[in-house]
Amino acid sequence: MTQKYAIGVDYGTESGRAVLVRLADGAEIAEHVTPYRHNVIDERLPGTGLKLEHDWALQHPRDYIEVLEQSVPAVVRESGIDPSEIIGLGIDFTACTILPVDEAGRPLCFDEAYAANPHSWVKLWKHHAAQDEADRINETAAARGEAFLARYGGKISSEWMLAKAWQILDEAPEIYERADQLVEAADWVVAQMTGRIVRNSCTAGYKAIWHKQDGYPSRDFLKALDPRLEAFAETKLRGDVLPLGTKAGELTPGMAARMGLVAGTAIAVGNVDAHAAVPAVGVVSPGKLVMAMGTSICHMLLGDEEKQVEGMCGVVEDGIIPGYYGYEAGQSAVGDIFAWYVDEAVPAYVAEASKAEGIGVHEWLEREAAKLNVGESGLLALDWWNGNRSVLVDTNLTGTIVGLTLLSKPQEIYRALLEATAFGTRKIVDAFQANGVDVNELYACGGLPQKNRLLMQIYADVTNREIMVAASKQTPALGAAMFGAVAAGAAKGGYDSVVDAAAAMARVREETFKPIPANVAAYEKLYAEYNLLHDYFGRGANDVMKRLKALKEEAAR
């Protein structure tokens with residue numbers, strides 16, 4: 001019998017990756033990475049020199065197409081597989097990452113008339129400059145008793161569609177008016193392959209306040225925010241919202257030629273990067289928390305019913321796996337914090353020592369930090385270098401380290417930062433448990449679990465739960481390929497459900513990380529101190545972080 005294959009394309013923050021997967025067993029045959037030519041645009045707008053304000057994060061949509069043109073042909077060439085054996089393709093994407101497009105689906109930043117306006121560009125997930133709009137959304141929704149608010153932990157994030165769209169309307173009404181639609185980048189890329197824009201239920205549900213029964217927020221609510229927004233949902237967000245695994249369309253002849261595939265190949269509706277990883281680690285039932293660990297962490301969990309949980313990023317029916325309520329929470333910076341420390345704050349002697357030993361700085365710090373006992377550093381940190389996503393949902397919070405002395409060493413600071421992110425995850429786990437959503441096991445995927453054993457052991461100790469680790473190094477891409485196989489369907493050699501696909505294709509490592517009882521006990525004491533700091537700085541007792549941020553912005557004007 002001829003083998004069948006699918007391709008998963010994982011769009012990250014700095015690059016895109018294509019992975020060619022065999023459908024019989026999930027084996028990853030070939031992979032290729034294309035770095036984004038323009039990376040993250042957070043200082044100056046390309047071609048203009050225009051300086052961007054604080055908390056802006058943009059991208060160039062042409063970079064996304066280059067991933068399809070470079071990485072997809074590369075995996076086909078490397079594998080030697082006949083393109084006719086590749087029956088489906090799925091993509092996953094960072095979210096909420098949005099862009100305004102014209103009637104032809106063309107990004108407004110491609111139009112010379114608008115290219116010099118930063119609001120015409122892609123707003124990346126970590127664009128946090130719409131916090132003022134998010135605050136007004138939350139105040140208005142709470143005052144009106146809007147039912148949707150509880151489904152998002154009581155707060156709508158500045159990262160999401162409505163806040164970003166309103167920021168465009170507030171600051172660049174001409175861009176808002178010119179935009180025929182505002183679309184998730186995932187849906188835009190799928191449209192480039194199929195020729196039509198359709199919206200996926202995952203990003204619509206988690207990032208655009210869409211509900212399977214209720215739809216988007218009402219015209220009355222939107223009008224209460226701003227009369228100009230009254231028709232927002234039915235105009236800028238118009239179009240079908242399709243469930244995960246649905247076939248968005250088929251690959252057009254033009255794009256097939258550019259990608260080295262066969263015209264008519266099934267293309268799945270888009271998905272969120274972290275959410276695509278859930279079936280790829282074999283999680284298709286409740287009680288198992290999946291952590292997609294990279295620059296940030298997205299926490300995903302399945303439940304049998306809809307519950308209210310403080311600070312969750314959303315609960316969406318069929319949002320991750322059909323038949324279940326999918327819960328999402330998250331931390332805005334994890335790997336980014338470790339990278340910041342290495343890039344900006346580690347003393348020169350650490351870099352010299354690691355170079356002399358022929359290892360990386362992260363590896364050197366991890367090794368030295370692993371020699372410390374729990375609590376030995378005397379340090380405690382709050383993991384808010386990029387704000388707090390859950391449970392406080394406040395992008396204006398910032399990081400802190402307590403306990404520094406003249407004797408503090410780099411490895412001690414590094415360990416404190418690792419521990420801070422673990423405490424942040426524990427806070428999320430506790431919130432779910434306290435609200436009747438069980439968390440019995442943890443699953444980890446993404447770049448961090450592959451690189452940092454100390455980090456994973458700390459997470460097991462802090463949460464007092466065993467952690468399973470994905471066998472795949474490219475878990476979101478594997479999950480995206482699974483959905484591509486489902487879009488193709490069993491009749492074409494794929495699968496008719498993602499549960500069937502996961503049964504055949506998902507894999508985790510044999511080795512797991514188990515809690516060490518002595519460490520669990522020691523971390524309980526540190527976690528109690530973390531909670532005190534968390535509430536002191538995060539719940540209004542001392543808003544010094546926000547005051548400092550305001551002073552910073554004032555001084556930069």
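Owing to the predicted nature of the structure, the values given are computational and were not obtained by experimental measurement.
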Between Tyr64 and Tyr36, does the ring pair (Phe, Tyr, Trp, His ring centres under 6.0 Å) criterion hold? Intermediate values first, please. CA-CA 7 Å; Tyr64 306 149; Tyr36 298 149; 5.6 Å; yes
Gln474 and Glu31 side chains, donor-acceptor separation under 3.5 Å: yes
Indicate whether the side chain of Asn200 and that of Thr203 have a donor and an acceptor atom separated by less than 3.5 Å. yes
Closest non-hydrogen atoms of Tyr324 and Val284, given as atom of the first, atom of the second and distance, are CE1-O, 3.2 Å
Quick one: sort the Tyr11 and Phe93 rings into parallel, tilted or perpendicular, breaks at 30° and 60°. parallel
Are Arg389 and Glu159 close enough for a salt bridge, meaning some N to O gap below 4.0 Å? yes
Donor-acceptor pair between Gln192 and Arg258 side chains, under 3.5 angstrom: no
For Asp336, the side-chain hydrogen bond (donor to acceptor under 3.5 Å, both in side chains) test, sequence neighbours excluded, returns none
Does the side chain of Glu28 come under 3.5 Å of the side chain of Ser472 through a donor N or O and an acceptor N or O? yes
Could you tell me which residues satisfy side-chain hydrogen bond (donor to acceptor under 3.5 Å, both in side chains) with Asp543, sequence neighbours excluded, listed by chain and number? none
Counting N and O atoms only, with roles assigned by atom type, does the side chain of Tyr216 sit under 3.5 Å from a partner on the main chain of His211, one being a donor and the other an acceptor? no
Does a donor on one side chain sit under 3.5 Å from an acceptor on the other, for His32 and Ser71? yes
Verify the distance criterion only: is there a donor paired with an acceptor across the side chains of His275 and Glu328 at less than 3.5 Å? yes
Pair Ser296, Gln331: side-chain N/O donor-acceptor within cut-off below 3.5 Å: no
Across all chains, not counting sequence neighbours, the side-chain hydrogen bond (donor to acceptor under 3.5 Å, both in side chains) partners of Thr246 are none
Salt-bridge contact Lys155-Glu310 (side-chain N to carboxylate O under 4.0 Å): no
Looking at Asp318 and Lys212, is there a salt bridge between them, counting it only when a charged N and a carboxylate O are closer than 4.0 Å? yes
Will you find, in the side chains of Asn39 and Gln59, an N or O donor that is under 3.5 Å from an N or O acceptor? no
Salt bridge or not between Glu234 and Arg219? Use side-chain N to carboxylate O under 4.0 Å. yes
